[in-house]
Amino acid sequence: MITVVGMGAGAPPGADVAAGAELVVGGRRHLDAVRLPEGAERVVLGALAPALDTVAEYVAEGRPVTVLASGDPGFFGIVRVLAERFGAQRLDVRPGVSSVAAAFARVGLPWEDAVVASAHGRDLRTAVNLCRAHPKVAVLTGPGAGPAELGAALRTDARVLVVASALGSGEERVERVTPAEAAGRDWGAAVSVVLCLDEAQALGPVRSVAGPRAGAAGWALEESAFAHRDSMITKFEVRALALARLGPRPGDLVWDVGAGSGSVAVECARLGAAVTAVEKTPDGVERVRANAAAHGVDVRVVQGAAPAALSRLDDPDAVFVGGGGRELPAIVAACARRARRSVVVAMAALDRVPAAREALVDAGLECDGVLLQSSRLAPLPGDVTRLAATNPVFLLWGVRPHSRTEGVSP
C-alpha cells in the first residue's frame, strides 16, 4: 500500500504518521515536520516524475511507502496522479483539511454552495469568469495566477477578495481586500487560496445541491418569465436552440449583443456562465438588469452600440447576436473574429442572412443554420384548440473548428 497523508491547513498530524514506511516522499516542510522511521529513504518532491519512479521501485518490491501532501490530497492533489499510476486500490488516503475548507473556516462562512477553481497550471480566465458569475468562489492560486492577477481581471467587478496565505503554518495570513488593492500588491509565493465573494449574496439560502443555482427549474423559459417591450423578446423555441448551440457552462464568458430584454443573457447566466449583455438603449439596459435581478443572476450590462461597444470587452467563448439592423454584418464579423468557440445569430429578415453567413465563414467558422417556424397550441371558443403560428426566425451559428475536440475547462 501507498499511504497518502494530508498535512498543513488543519491540525497537524502526529509526528509518527510515517511509521513503518521504508520510503517517505513529500515537500521539504512536510518531511521536516515528521519523524522518519529508522533506515527509511527520504525523497523531497521537486520534479514529480523521478519521485514516482522511485515509488514504483518500492511498490514493485512490496515495500511500504508514505507520501506527505498538503491539506486534502484528493482535492486537486497528488491522489489523482498516484491513482492513475498505481491504481486506486493501492492507496490508503488519510485526508487533512483542504486549503479551501480552512480558508472558509477562517472567515466563518459555509461553503457547501461555493464554486472551486484551480488556477495552478491552468488558464486564469476560467477562474475569472467563475468569479464574475457566482457569488462565492474559491480560487487555488499558482505562479502567474495569484491575487494580483485575479484582482486586475476583476477590478471593475463588485467583489471582495479574501487572500489566505500559508494556511496552517506559522506565517499564516488572511486578508480582506478589494480587487484593485489585490492588483497593486506583491503577494509573494506562499498564497494558498483566494476567496472571491459577492458579500450581498455570500450568505444566501442554503441549497440542497452543491453549486450556485444548481437544479434551477428548466431552461428556455416562457416569455412571461421576462419583462419585455411590445413582445420584443427572443421566443422560447428560438432560445432553446440558441442555448444548445452556445453551450454556456461554468467558466465561460458569453456575450449577448443587442440584448433587448436580456432573456438569452439571463438563461446563459442561469446555466453558470459569466455574461456580458450589450444594449444601446437606456430603457433596455434597465430591463436587462431587472430581469437578471428577478432571476437571481449576475449579468454585466454595457450600454452602447455594437460593434464599437465590443472593443472594450474581454474576448468571449460564445456570442449571441439578437439585433443589429443594417450594422448586423459588421457586428457578426466583429464577434466571429473574437469568439473562442461559437457565434449564434437570430434574424427575422431574409435579406440579412447571406451577409451574416458570409461574415461567419470569412472568420474561419463552420457555419450552419435553420429557419424556425413553430406553431403553438391556442384555445378557440367551444373548448377546442387551434395552431397559432409564430413569426419565422432564421438562426445561423458558426463554430470554430478546433472547439469540437476541446474538453470542459477543469
Looking at [atom1] of [X] and [atom2] of [Y], how far apart are the two atoms once the value is rounded to the nearest 0.5 Å?
X: Ile2; Y: Tyr58; atom1: CD1; atom2: OH; value: 13.0 Å
X: Leu253; Y: Asp315; atom1: CG; atom2: CG; value: 8.5 Å
X: Cys131; Y: Asp157; atom1: SG; atom2: CG; value: 9.0 Å
X: Ser70; Y: Phe76; atom1: OG; atom2: CZ; value: 14.5 Å
X: Asp283; Y: Arg229; atom1: CG; atom2: CZ; value: 6.0 Å
X: Phe236; Y: Leu243; atom1: CZ; atom2: CG; value: 13.0 Å

Would you find more than 12 non-hydrogen atoms of other residues, nucleotides or ligands less than 6.0 Å from [X] atom [atom1]?
X: Arg28; atom1: CZ; answer: no
X: Met232; atom1: CE; answer: no
X: Asp123; atom1: CG; answer: yes

In a table with atom names and distances, give each donor-acceptor pair under 3.5 Å that connects a side chain of residues 77-90 to protein atoms at least two apart or in another chain.
residue: Arg85; atom: NH2; partner: Asp53; partner atom: OD1; Å: 3.0
residue: Arg90; atom: NE; partner: Phe86; partner atom: O; Å: 3.4

So, for [X] and [Y], which heavy atoms are closest and what is the spacing to 0.1 Å?
X: Ala166; Y: Ser192; answer: N-OG, 3.5 Å
X: Arg132; Y: Ala153; answer: NH2-O, 3.0 Å
X: Gln303; Y: Thr281; answer: NE2-C, 4.2 Å
X: Ala127; Y: Val139; answer: CB-CG1, 4.0 Å
X: Ala21; Y: Ala40; answer: O-CB, 3.5 Å
X: Ser99; Y: Leu167; answer: O-CD1, 3.5 Å

Are side-chain heavy atoms of [X] and [Y] found at a separation under 4.5 Å?
X: Cys335; Y: Leu310; value: yes
X: Val17; Y: Arg94; value: no
X: Ser263; Y: His228; value: no
X: Leu365; Y: Val399; value: no
X: Val254; Y: Pro316; value: no
X: Thr234; Y: Phe320; value: yes
X: Leu161; Y: Pro147; value: no
X: Ser165; Y: Glu171; value: no

Considering residues at least two apart in sequence or located in another chain, which fulfil the salt bridge (charged side-chain N to carboxylate O under 4.0 Å, His left out) criterion with [X]?
X: Arg159; value: Asp198, Asp298
X: Arg29; value: none
X: Asp368; value: none

Test item: [X] side-chain N/O and [Y] main-chain N/O as donor-acceptor pair under 3.5 Å:
X: Trp187; Y: Ala182; value: yes
X: His295; Y: Ala225; value: yes
X: Arg249; Y: Gly272; value: no
X: Glu267; Y: Ala220; value: yes
X: Arg341; Y: Asp252; value: no
X: Thr54; Y: Pro50; value: yes
X: Asn291; Y: Phe226; value: no
X: Thr390; Y: Ser374; value: yes
X: His134; Y: Ala114; value: no
X: Asp317; Y: Arg340; value: no

Assess whether side chain to side chain contact (heavy atoms under 4.5 Å, CB included) is satisfied between Val162 and Leu109, documenting all intermediate values. CA-CA 12 Å; Val162 176; Leu109 282 177; over 6 Å; no
Sidechain N-carboxylate O distance under 4.0 Å for [X], [Y]:
X: Arg287; Y: Glu279; value: no
X: Asp351; Y: Arg326; value: no
X: Arg63; Y: Glu41; value: no
X: Asp314; Y: Arg125; value: no
X: Lys280; Y: Glu327; value: no
X: Lys136; Y: Asp113; value: yes

Test side chain to side chain contact (heavy atoms under 4.5 Å, CB included) applied to Leu241 and Arg245, step by step: CA-CA 6 Å; Leu241 183 54; Arg245 292 294 178 258; 4.2 Å; yes
Mind checking what makes side-chain contact (heavy atoms from CB on, under 4.5 Å) contact with Glu181, not counting sequence neighbours?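 For Glu181, the residues satisfying side-chain contact (heavy atoms from CB on, under 4.5 Å) (neighbours in sequence not counted) are Val177, Thr178.
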Listed by chain and number, what are the side-chain contact (heavy atoms from CB on, under 4.5 Å) partners of Glu358, not counting sequence neighbours?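 If we apply the side-chain contact (heavy atoms from CB on, under 4.5 Å) test to Glu358, skipping adjacent residues, the hits are Asp362.
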Classify the ring geometry of Trp111 against Phe75: parallel below 30°, tilted from 30° to 60°, perpendicular beyond 60°.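 Plane angle over 60°, so perpendicular.
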For His120 and Leu140: C-alpha separation, side-chain torsions, deciding distance, then whether side chain to side chain contact (heavy atoms under 4.5 Å, CB included) applies. CA-CA 7 Å; His120 196 281; Leu140 304 176; 5.6 Å; no
Could you verify whether a donor N or O on one side chain and an acceptor N or O on the other, from Thr3 and Thr66, lie under 3.5 Å apart? no
